[in-house]
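Here is how names work: the chains are called A, B, and so on, in the same order as the sequence lines, proteins then strands, and each is numbered from 1. Computed over heavy atoms, backbone and side chain alike; hydrogens, waters and symmetry mates excluded.
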Number of protein chains: 2
Amino acid sequence: MRSEVPNSAIGVPSYILLRDQLRENIISGKIPAGARLLPVEIARRFGVSQTPVRGALQQLEGEGLITIFPHREARVRLFDEHFVRNICDLWGVIEGLMARLSIPRLTPAVMEKLNDISECLRIAIESGDMSSRLSLNQEFHRTIYVLSENSEALGIFEKYLGLIEALHNRYGFHPQRGPKILEDHAAILKALHSQDTALVEELVRLHCEGARDDLLACMSESKDT
Amino acid sequence: MRSEVPNSAIGVPSYILLRDQLRENIISGKIPAGARLLPVEIARRFGVSQTPVRGALQQLEGEGLITIFPHREARVRLFDEHFVRNICDLWGVIEGLMARLSIPRLTPAVMEKLNDISECLRIAIESGDMSSRLSLNQEFHRTIYVLSENSEALGIFEKYLGLIEALHNRYGFHPQRGPKILEDHAAILKALHSQDTALVEELVRLHCEGARDDLLACMSESKDT
DNA sequence: TAGTGGTCTAGACCACGGT
DNA sequence: CCGTGGTCTAGACCACTAA
């Protein structure tokens, strides 16, 4: 039987295509947390045998996105409030670290770019454009963090980014969170400009803790109703 | 052909045994950084076919310990000075976070245990027992961090622990590092006792930065000679 | 244009949970 | 003790590299 994966770029093994597609579906919530992953079913859907499916699942388990119970089954990890709290706390210190490390490598061009992004983000928040809001916020932070040149820290940040973003997409924000984000970003920009490492680190951490508390509150409210 | 893996506990799939054994060999340096991993060779050594070997490699790639170049080869990641700096900086903030979070959950019994470990560590350092020194130091930190109840942060800490420890084993310490560790630990214990969250976090971070600078210096010296 | 070795397939095997 | 489905084997296939 020939492979029938559509869009399969030649030369790219199908376990990689499968892995990326499954990861995206998990992160975006299309495959919900806790869902069972049935290799034979996935193999049928993609027109391949079980081997590349297993390859993809093995990698995702290594990444911590799914759990394989040997000889039993594979399931998407649970992402509950405790998980969110853990990740946001972790982010607080990691983003603080990356922001601090980026300071010596900031250039006028980067500051210019950050100002532009902030302006676009303000418009997105005021006009209620959730999709732009999320991606511009991402870009703001990523623009700073790539300068830290700490790929391990950046990798951890990126790993959970889509997951948390999906939760924001599902549970929304409180109305007062928008202005607070703009305020935080402005303060961070100012501290970056004055090269105040300790202040930058503290502001970034507080920013993350604010995000954490807003998301946890939204999750808890949605559970009550 | 029957499986001939010795010590293979029944019910445990061989890709898991292989994965754990390969991980251990990589972390301990028995399989050196940058080494090529040849599935057919590994399969022969363990008396299994290539499929479980690939399963093990896929998981290790997901964990970031090895890199698979599709259609080409799999190699152990490089762990150079830049990597060490990244990990130690990361640890500085993550360990600071976990120490801070653990404070509300400290009990007299835990403080007692930490004092005991410190005393044993002092003896190990003074008598030059490197193996005890490393494991007692691990135990000191882990005893605090498990109380943070942030399994994501703890997982990142644990993930690189063996790797950094192996580097310490290979490159050693400077003579003045031993007393400094004892001094740092004593200060951390005192701050824990007085429940001073900000101070604990700062001391832990400084402790990590000290470890980083010592290890980097040892690595750089060994390269010169 | 080989040769090497990474990837994939079909099917057998067998651990586990429920009957 | 049977059924489901997770695991493993042997071998074919084929992408990439080096002549």
Side-chain angles (χ1 to χ4, degrees), chain A residues 1-23 25-26 31 34-77, chain B residues 1-23 25-26 31 34-77:
Chain A
M1 192 193 290
R2 246 172 37 263
S3 168
E4 293 169 20
V5 180
N7 309 352
S8 70
I10 129 146
V12 179
S14 47
Y15 75 89
I16 290 187
L17 300 171
L18 282 167
R19 177 198 64 187
D20 294 345
Q21 189 138 2
L22 287 172
R23 191 198 289 117
N25 285 340
I26 291 169
I31 302 180
R36 181 169 187 188
L37 297 158
L38 241 173
V40 58
E41 155 100 10
I42 298 170
R44 213 175 33 72
R45 271 222 321 278
F46 288 89
V48 293
S49 82
Q50 291 198 41
T51 305
V53 177
R54 278 183 62 76
L57 295 182
Q58 308 271 24
Q59 294 212 357
L60 293 173
E61 153 137 271
E63 292 178 24
L65 272 183
I66 72 173
T67 309
I68 296 176
F69 302 92
H71 284 299
R72 203 142 337 142
E73 58 183 12
R75 284 187 182 272
V76 178
R77 265 201 57 169
Chain B
M1 193 193 293
R2 246 175 34 265
S3 168
E4 294 168 23
V5 179
N7 309 354
S8 70
I10 118 146
V12 179
S14 47
Y15 74 90
I16 289 187
L17 299 172
L18 283 167
R19 176 198 66 187
D20 293 345
Q21 188 136 5
L22 287 173
R23 191 198 288 119
N25 285 339
I26 291 169
I31 302 179
R36 182 169 185 187
L37 298 158
L38 241 172
V40 59
E41 154 102 9
I42 298 170
R44 211 174 35 71
R45 271 222 320 278
F46 288 89
V48 294
S49 83
Q50 291 198 42
T51 305
V53 177
R54 278 183 62 75
L57 295 182
Q58 308 271 22
Q59 294 211 357
L60 293 173
E61 152 137 271
E63 292 177 23
L65 273 182
I66 72 173
T67 309
I68 296 176
F69 302 93
H71 283 299
R72 202 144 337 142
E73 58 183 12
R75 283 188 182 272
V76 178
R77 266 200 57 169

Determine: side-chain N/O of B:T51 to OP1/OP2 of D:dT7, distance under 4.0 Å, yes or no.
no

Does C:dT7 have OP1 or OP2 sitting under 4.0 Å from an N or O in the side chain of A:S14?
no

Distance check needed: D:dT9 P versus B:R44 CZ, whole Å only.
15 Å

Which value, rounded to the nearest 0.5 Å, describes the distance between A:F46 atom CZ and A:Q21 atom CD?
4.0 Å

Would you indicate whether the side-chain heavy atoms of B:R75 and B:T67 approach each other to under 4.5 Å?
no

Taking CD from A:E73 and P from C:dC16, how many angstroms apart are they, rounded to a whole number?
14 Å

Nearest whole angstrom, please: distance from the C1' of D:dG6 to the CZ of A:R75.
14 Å

Any idea which of D:dC16, D:dA10, D:dG6 is nearest the B:H71 side chain?
D:dC16

Would A:R23 and A:I26 count as a side chain to side chain contact (heavy atoms under 4.5 Å, CB included) if you check the C-alpha gap in whole Å, the side-chain angles of each, and the deciding distance to 0.1 Å?
CA-CA 5 Å; A:R23 191 198 289 117; A:I26 291 169; 5.8 Å; no

Let me know the distance between CZ of A:F69 and P of C:dC16, rounded to the nearest Å.
14 Å

Do A:I68 and B:Q59 pass the side chain to side chain contact (heavy atoms under 4.5 Å, CB included) test, and can you show the C-alpha distance, the side-chain angles, and the key distance before you say yes or no?
CA-CA 11 Å; A:I68 296 176; B:Q59 294 211 357; 4.1 Å; yes

Under-4.0 Å side-chain N/O to phosphate OP1/OP2 contact, A:Y15 with C:dC8:
no

Looking at residues 53-65 of chain B, who's got a heavy atom less than 4.0 Å off DNA chain C?
B:R54

Among the nucleotides D:dC16, C:dC8, D:dT9, which one has an atom lying closest to any side-chain atom of B:P52?
D:dT9

note: B:L37, atom CG; C:dG6, atom C1'; distance rounded to Å ~ 13 Å

B:V48 side chain, from C-beta outward: closest of C:dT9, D:dT9, D:dG5
D:dT9

What's the CD-C1' distance between B:E41 and C:dG6, to the nearest Å?
16 Å

Only one of B:L17, B:L18, B:I42 forms a side chain to side chain contact (heavy atoms under 4.5 Å, CB included) with B:V48, so which one is it?
B:L18

May I ask you to say what A:Q50 touches in the nucleic acid, namely base, sugar-phosphate or nothing, with a heavy-atom cut-off under 4.0 Å?
base

C:dG17 OP1/OP2 closer than 4.0 Å to side-chain N/O of A:R72:
yes

Grab the two heavy atoms, one from B:A74 and one from B:L57, that are nearest each other, plus how far apart they are.
CB-CD1, 4.5 Å

Side chain to side chain contact (heavy atoms under 4.5 Å, CB included) with A:P52: of A:S14, A:P39, A:P13, only one passes, and it is A:S14

What integer distance in Å separates B:I16:CD1 from D:dG6:P?
14 Å

